[in-house]
Amino acid sequence: MSIYDVKTMGETIKGNPYVGRGIVIGKTADGTRAAVAYFIMGRSENSRNRVFKEDGSEVIIFPFDASKVEDPSLIIYSPIKMIGKTLIVTNGDQTQTIYDFLKNGDTFEEALMTRCFEPDGPNWTPRISGIVCNGDHGYRYKLSILKSADADGTACNRYTFTYEPLDGLGHFIHTYVTDGNPIPTFQGEPERVSIPDDIDEFFQDIWNNLDEQNKISLYVRYIDLTTGETENRMVNKNV
């Protein structure tokens, strides 16, 4: 297998019971739009008790049943937030950290130097983040993962991946390799996946191939690189 091989999202996640939370960023095959996807999965009742809601250009996670919330600190946050022409997507409250740093003229990397993995040992869930910029220097994107340096959560390793977008190509980063106890942390570089022109094809390929028992919500946004117009798709298992 070549390091340049590309699979669809469906081929990448099918049959995997638990990839956790995932971010995909890339560019459509026709080269006209940026593509962003974010999904969440959950094993516990607390984790599964969530829904995505849109608030303008922002996406916010809310409890589906507020009476069942045990610990909101790691499950309630804004996974997608805009600042100017820049889109931020993350799996935790570091969305706000990145937003505040960018608003102050600082960088994505500087923001994440102030954060680390989630304090949920023994899993030490990684914080995954992405940023999509379509400004004066054209379209570009980055992905990041902050993860524990050892099984005891002693230190944090921080990795950032910067991409020059290619037509039809995206990169997929997720919190876990698969299910386990403790759950094994994502390893290596973000995976290469294909990005079709049709948002519904991309959306359904992800949703239909996430594990039926553990999937919770999915949000996909396509952004026209010329006009900035967006097209969005969202689904919640809890309705």
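Note that the structure is predicted; figures quoted are calculated from it, not measured. Counting begins at 1 with the first residue of the sequence.
Heavy-atom minimum distance, Pro122 versus Pro182: O-CB, 3.7 Å. Nearest heavy atom pair, residue Phe117 against residue Gly153, reads CZ-O, 3.6 Å. Scanning all heavy atoms of the two residues, the minimum distance from Asn49 to Lys68 falls at ND2-CB, 3.8 Å. Taking both residues in full, the closest heavy atoms of Phe161 and Gly188 are given as CZ-O, 4.1 Å, listed atom of the first, atom of the second, then distance. Closest of all the heavy-atom pairs between Ile216 and Arg50 is CG2-O, 3.5 Å. Between Pro17 and Met41, the shortest heavy-atom distance links the atoms O-CE, 3.5 Å.
To the nearest 0.5 angstrom, Arg192 atom CZ is 5.0 Å from Leu169 atom CG. Distance check, rounded to the nearest 0.5 Å: CG of Asn181 to CG of Asn123 gives 7.0 Å. To the nearest 0.5 angstrom, Asn208 atom CG is 9.0 Å from Phe203 atom CZ. For the atom pair Ile206 CD1 and Ile13 CD1, the distance stands at 6.5 Å (nearest 0.5 Å). Atom CG of Asn157 and atom NZ of Lys147 lie 7.5 Å apart (nearest 0.5 Å). With rounding to the nearest 0.5 angstrom, the CG atom of Asn91 is 4.5 Å from the OH atom of Tyr38.
The side-chain heavy atoms of Val24 and Ile195, taken from C-beta on, include a pair separated by under 4.5 Å. For the pair Glu11/Ser194, no side-chain contact is recorded, criterion being any heavy-atom separation below 4.5 Å from C-beta on. For the pair Asn236 and Phe64, the minimum side-chain heavy-atom distance is 4.5 Å or more. Considering only heavy atoms from C-beta on, Thr175 stays 4.5 Å or farther from Phe186 through its side chain. In this structure, Tyr139 and Val132 have side chains that are in contact, with non-hydrogen atoms separated by less than 4.5 Å. A 4.5 Å side-chain heavy-atom check between Arg33 and Ile223 finds every atom pair outside the cut-off. At a threshold of 4.5 Å between non-hydrogen side-chain atoms, the residues Asp93 and Arg127 count as touching. Between Trp207 and Lys237, some side-chain heavy-atom pair lies under the 4.5 Å cut-off.
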Steps toward side chain to side chain contact (heavy atoms under 4.5 Å, CB included) verdict (Arg158, Cys116): CA-CA 8 Å; Arg158 298 174 175 85; Cys116 68; 4.2 Å; yes
Derivation and outcome, side chain to side chain contact (heavy atoms under 4.5 Å, CB included), residues Tyr18 and Arg43: CA-CA 8 Å; Tyr18 203 59; Arg43 303 187 305 172; 3.6 Å; yes
Ile199/Arg221 under side chain to side chain contact (heavy atoms under 4.5 Å, CB included): CA gap, chis, key distance, verdict: CA-CA 8 Å; Ile199 188 173; Arg221 178 176 295 175; over 6 Å; no
CA sep, side-chain torsions, deciding dist, call: Thr185, Ser148, side chain to side chain contact (heavy atoms under 4.5 Å, CB included): CA-CA 9 Å; Thr185 294; Ser148 180; over 6 Å; no
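Side-chain polar atoms of Glu58 and Ser78 form a donor-acceptor pair below 3.5 angstrom. Thr95 and Thr90 share a side-chain donor-acceptor pair at under 3.5 Å. Looking at Asp30 and Thr32, their side chains do bring a donor and an acceptor atom within 3.5 Å of each other. Checked by atom type, the side-chain pair Thr97/Gln94 shows no donor-acceptor distance below 3.5 Å.
Note: Phe172 and Phe39 have tilted aromatic rings, judged against thresholds of 30 and 60 degrees for the angle between ring planes. A tilted orientation is assigned to the rings of Phe202 and Tyr222, their planes being inclined by 30° to 60°.
The existence of a salt bridge linking Lys7 and Glu191 is excluded, since no basic side-chain nitrogen approaches an acidic carboxylate oxygen closer than 4.0 Å. A salt bridge between Arg233 and Asp200 is present, with a side-chain N of the basic residue lying under 4.0 Å from a carboxylate O of the acidic one.
Under the 4.5 Å side-chain contact rule for hydrophobic residues, Leu102 and Met82 do not share a cluster. Note on Leu143 and Tyr219: same hydrophobic cluster, where clusters join Ile, Leu, Val, Met, Phe, Trp and Tyr whose side-chain heavy atoms are under 4.5 Å apart, directly or indirectly. Side-chain heavy atoms closer than 4.5 Å link hydrophobic residues (I, L, V, M, F, W, Y) into clusters, and following such links, even through other members, never connects Leu210 to Phe52. Cluster membership for Leu218 and Ile80, using ILVMFWY side-chain heavy atoms within less than 4.5 angstrom, is not shared. Using a 4.5 Å cut-off between side-chain heavy atoms of Ile, Leu, Val, Met, Phe, Trp and Tyr, with links allowed through other members, Ile88 and Ile25 fall into different hydrophobic clusters.
Side-chain atoms of Asn209 come within 3.5 Å of backbone atoms of Asp205 as a donor-acceptor pair (strictly under, hydrogens ignored). Remark: the backbone N or O of Asp152 is paired with a side-chain donor or acceptor of Asp150 at under 3.5 angstrom.
Annotation: Met113, atom CE; neighbour count of heavy atoms from other residues, nucleotides and ligands within 6.0 Å does not exceed 12. Within a 6.0 Å radius of CD in Glu189, no more than 12 heavy atoms belonging to other residues, nucleotides or ligands are found. Within a 6.0 Å sphere centred on CD of Glu54, other residues, nucleotides and ligands contribute more than 12 heavy atoms.
Judged by the 6.0 Å distance and 45° axis criteria, Lys53 is positioned over the aromatic ring of Phe62.
Within the 6.0 Å centre-distance limit, the rings of Tyr163 and Tyr141 are counted as a close aromatic pair.
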